[in-house]
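Take a look at the structure below.
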Amino acid sequence: MRTHLTHWGAFEAESDGKALLSVRPWSQDLDPRDLLDNMASAQHHPTRILRPAIRAGWLEHGPGSGSGRGNEPFVEVSWNRAIELASAELGRVYSEKGPSSVYGCSYGWASAGRFHHAQSQIHRFLNGLGGYVSGVTDYSYGASGVLLPHVIGASPNQVMAGATSWEVVSEKTELFVAFGGISEKNSGIAPGGVGRHVARAAIRKAVARGCRFIDVTPISDDTYKEAGAEWIAPIPGSDAALMLALAYVLDNEKLADEKFLARYCVGLDEFLPYIRGDVDGEPKNPSWAEKLTRVPAIRITQLARDMAASRTMINLSWSMQRQQHGEQTIWLGVTLAAMLGQIGLPGGGFQHGYGSSADVGLPLGVSSAPSFPQGRNPETSYIPVARIADMLLNPGSQIDFNGKQITLPEIELIYWAGGNPFHHHQDLARFRKAWAQPATVIVNEQFWTSTARHADIVLPATMSIERNDYGAGRNDPSFFPMHALTEPAGIARDDYDIFSAIAAKLGTVDAFTEKRDTMGWLRHLYGQWSSKLSERGVKVVDFETFWESEKIEIPVIEPSQVLLSDYRQNPGKYPLGTPSGKIEIFSSTIAGFGYADCPGHPVWIEPDEWLGSSSDYPLHLIANQPKTKLHSQLDVGATSQKSKIQGREPIRMNPDDAAARGLENGQVVLVRNDRGRCLAGLTISPSLRRGVVQLSAGAWYDPAPNDPSFCRHGNANVLTADRPSSSLSQATTAQHALVEVEAWSAEIPDLTVRISPVLIPER
Ligand SMILES: Nc1nc2c(c(=O)[nH]1)N[C@H]1C(S)=C(S)[C@@H](COP(=O)(O)OP(=O)(O)OC[C@H]3O[C@@H](n4cnc5c(=O)[nH]c(N)nc54)[C@H](O)[C@@H]3O)O[C@H]1N2
Ligand SMILES: Nc1nc2c(c(=O)[nH]1)N[C@H]1C(S)=C(S)[C@@H](COP(=O)(O)OP(=O)(O)OC[C@H]3O[C@@H](n4cnc5c(=O)[nH]c(N)nc54)[C@H](O)[C@@H]3O)O[C@H]1N2
Ligand SMILES: [Mo]
């Protein structure tokens, strides 16, 4: 038995050298997740990419002909030929058009493992060739990622790394108000991996001590059931109105902590007149909010009073900002916490994403595990990552972003490794048009995902169980050696070896490899890391001991970590990184940008698509993260497949909404709006608020022939809008869309995503 790490937990496995014979959760993880069963079952699935493959039209006609992407068979070729083709094309594009024509952001989660981390690999490789157009911010917290530095002088990553620890929450919090829930499914996962899952035990302990949990979501089972949470279900997208009314009550009933606000914050003079209605004649009181949120005014008033009377933690899940005007809820959450005056006190204040990821609430370690250096990107052009389709469709046009104007570059070549844009991007019919524009698309993949199917040159990559590596989550104390457990499937190669081979053709191999093989790098990086630690007086075992161990523990600095406690204790010595050094409830920087969709203090702005508007589509779709997989990863695996209904991704709906449509549990339904349509399998559940349906992202996109807007499998992103959150952040708004659902009475079509595309052996 060997331990191994995934983003969703550690496991122990037995192998016969070709496949995993048995997999069981790591013995020290007391709350393991069934996603572990996806891996072994997927490794040798018919959709595994076994050999390099070239799109037939590209092989015949060369670069261009992008409209054939996704429609043509592939020709399987030898590694020599594939490397030859990829390096010749990269050479052409770099010499003719330069790095500003290569999109190499390659956004995506890839696999656990610090060295083989696909993004680090591809970025280092492309940096060696002269660089690439990058994508900044992310799909996870793109809106708060731009906002929070203006408001509290810290990025979401810093806020999360500094989070008040679960241990402190379990001991001190009296009232935990969870906007967007504390998701059991999402806190199963963390970027880079999870050793022990700790949230459930902390929630149990808090409840046993008498802590109350309030879950503010459209879906009631998005909070651990151990929390015994009271459920408040505003209509999706209306939380800013609810929060403004909470602020109104705190102000109106003199419950706000004036001393805290005066000492630690700026901007109340701009914000209070707005909530009092002095600005627009409309006080943002609970009856105003009731009309928008459909939460009874009296419930809002009571919640505000309870928050003021308790040690209150305000949790803002990442989903709260993966929507249009997503900045507002996050800014308001911080503002509410400031009005309560508990920021920096144990168990009080705010956090961005307890429950969104397993690592939020883990105290900082003395260091995070070593990673593969990416080098420097000499190319300066970039896009906000979720504006990829705009870039490909409208090169040369300008967009606003965080106070700047950005010109969208013209892309000749896309190279992707470790991500699935046909999973992660919105409005897939539009995206497919955009993706057809560049001359060439190269993809390293493990599986025939829709991204691989829409590429020109497909290079088969190993899975983490097929290569030597080590890994740890970004804030996780357990650091695991990850031995190769099996040989590669087919003739798949490690991304590192693929990039080394292309670099050799292009004359950049020594810069890329520094003449080390994989084990050489693991030893080298570990050695550097351990000597740095020992300079700081922290001793870790030598590499050989580590490599033969089950795992080692990285020491934690302060288990009772409290977010912003230093700022509270000494704001003069530890000012925030904002222009005022304080929490900015009003930001003159943001006000100075002059954006109508994100003014200088938090406000209510009606979204374009929500239940409060009149629309032909009466149901609000929550297109959230899937329970049975990580995004689209291993969708063919056992746990993911078990959740499908007649082969389709499940959609959940309230019993009243189902009855109104005459729909029954387990039937195949059509989900539609003006952008697209997909099939899904119906699950009727009282956990859904009326008027809300949930179809998680992640089903591999299976477009009908000649209709890219119709997914036969249930990919929610044919329905979502490619609409930016705001001019400030230009982030994705993937979480929400309006739809209608109806019975599917025609024949249920076969899926093609469970088999490989047509593969022609090269003559
Ligand atoms: N509707 C909707 N859309 C969403 C979201 C949502 O909530 N709703 N969430 C968004 C968010 S927050 C995110 S982070 C994105 C996630 O989007 P992605 O990160 O792009 O999604 P993944 O499915 O994790 O894609 C990773 C891909 O890398 C491949 N892979 C794994 N390991 C390796 C490796 O070692 N080498 C190579 N070459 N390939 C590898 C996997 O097979 C998989 O296809 O989705 C976004 N899209
Ligand atoms: N199992 C699993 N876990 C994952 C992932 C995965 O793919 N699978 N992906 C990981 C990644 S990359 C990310 S970014 C995180 C994402 O973490 P989150 O963004 O927190 O997760 P989501 O599942 O998108 O949404 C969580 C819940 O928010 C609630 N919600 C949605 N809209 C609204 C709203 O308008 N108002 C209120 N009050 N609540 C709302 C819904 O109940 C929804 O299910 O999850 C991580 N964890
Ligand atoms: Mo994410």
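Read the numbers this way: they start at 1 and go in the same order the structure lists the ligands and their atoms.
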Just need the protein heavy atom nearest to [atom], so name the residue and atom and give the distance.
atom: atom 7 (O) of ligand 2; result: His631 N, 2.7 Å
atom: atom 36 (N) of ligand 1; result: Asp495 OD2, 2.7 Å
atom: atom 32 (N) of ligand 1; result: Ser111 OG, 2.5 Å
atom: atom 23 (O) of ligand 1; result: Ser632 OG, 2.5 Å
atom: atom 38 (N) of ligand 1; result: Asn444 O, 2.9 Å
atom: atom 33 (C) of ligand 1; result: Gln446 NE2, 3.2 Å
atom: atom 14 (S) of ligand 1; result: Tyr107 OH, 3.2 Å
atom: atom 11 (C) of ligand 1; result: Tyr139 CB, 3.5 Å
atom: atom 1 (N) of ligand 1; result: Asn717 OD1, 2.7 Å

For [X], which part has a heavy atom under 4.0 Å from ligand 2: side chain, backbone, both, or neither?
X: Pro234; answer: neither
X: Lys629; answer: backbone
X: Asn186; answer: both
X: Ile622; answer: side chain
X: Asn624; answer: both

Closest by any non-hydrogen atom to [atom]: pick that one out of [options].
atom: atom 35 (O) of ligand 1; options: His424, Met463, Gln121, Arg467; value: Arg467
atom: atom 6 (C) of ligand 1; options: Ala417, Ala623, Gly698; value: Ala623
atom: atom 44 (O) of ligand 1; options: Gln625, Glu445, His116; value: Glu445
atom: atom 26 (C) of ligand 1; options: Gly418, Ser140, Gly108; value: Gly418
atom: atom 42 (O) of ligand 2; options: Asp222, Thr223, Asp221, Asn315; value: Asp222

Next item on the list: Would you tell me whether Thr486 and Gln43 have side-chain atoms, one donor and one acceptor, within less than 3.5 Å of each other?
Entry: yes

Next item on the list: Give a yes-or-no answer on whether the side chains of Thr733 and Gln426 include a donor-acceptor pair shorter than 3.5 Å.
Entry: no

Do any heavy atoms of [X] fall under 4.0 Å from ligand 2?
X: His736; answer: yes
X: Pro626; answer: yes
X: Pro218; answer: yes

Check: If you round to the nearest 0.5 Å, how far is CG of Asp239 from CG of Leu316?
Finding: 9.5 Å

Next item on the list: Test His483 against His4 for ring-ring contact (aromatic ring centres under 6.0 Å, His included), laying out the working first.
Entry: CA-CA 7 Å; His483 291 243; His4 197 83; 9.1 Å; no

Note to self: Ring centres under 6.0 Å, that's the criterion: do Phe115 and Tyr496 meet it?
What the structure shows: yes

Next item on the list: If the plane angle is over 60° it's perpendicular, under 30° parallel, otherwise tilted; pick one for Tyr107 and His424.
Entry: perpendicular

Check: Parallel under 30°, tilted from 30 to 60°, perpendicular over 60°: which one fits the rings of Phe512 and Phe372?
Finding: perpendicular

Distance-only N or O hit between ligand 2 and [X], under 3.5 Å:
X: Gly237; value: yes
X: Ser183; value: no
X: Trp109; value: no
X: Phe179; value: no

Margin query: A side-chain contact here means heavy atoms from C-beta on lying under 4.5 Å apart; do Met463 and Ser111 qualify?
Written below: no

Item checked: Non-hydrogen atom of His425 closer than 4.0 Å to ligand 1 -> no

Checklist line | Sub-4.0 Å heavy-atom contact, Ala716 with ligand 1 | finding: no

Check: At a 4.0 Å threshold, what atoms of ligand 1 neighbour a non-hydrogen atom of Asn420?
Finding: 20 (O), 25 (O), 44 (O)

Check: In terms of atom number and element, which parts of ligand 1 are under 4.0 angstrom from non-hydrogen atoms of Ala697?
Finding: 1 (N), 2 (C), 3 (N), 8 (N)

Checklist line | Thr449, any N or O under 3.5 Å of ligand 1 N or O | finding: no

Check: What do the steps show when you test Tyr103 against Tyr415 for ring-ring contact (aromatic ring centres under 6.0 Å, His included), and what is the final call?
Finding: CA-CA 7 Å; Tyr103 189 61; Tyr415 199 154; over 10 Å; no

Check: Between Arg648 and Leu679, is there a donor-acceptor pair closer than 3.5 Å when you use the side chain of the first and the backbone of the second?
Finding: no

Check: Within 45 degrees of the axis of the six-membered ring of Trp79 and under 6.0 Å from its centre: does Arg493 put its NZ or CZ there?
Finding: yes

Notebook entry, point to check: So Arg467 and Asp494, salt bridge (charged side-chain N to carboxylate O under 4.0 Å, His left out) or not? Walk me through it.
Noted result: CA-CA 7 Å; Arg467 59 201 184 203; Asp494 301 349; 5.2 Å; no

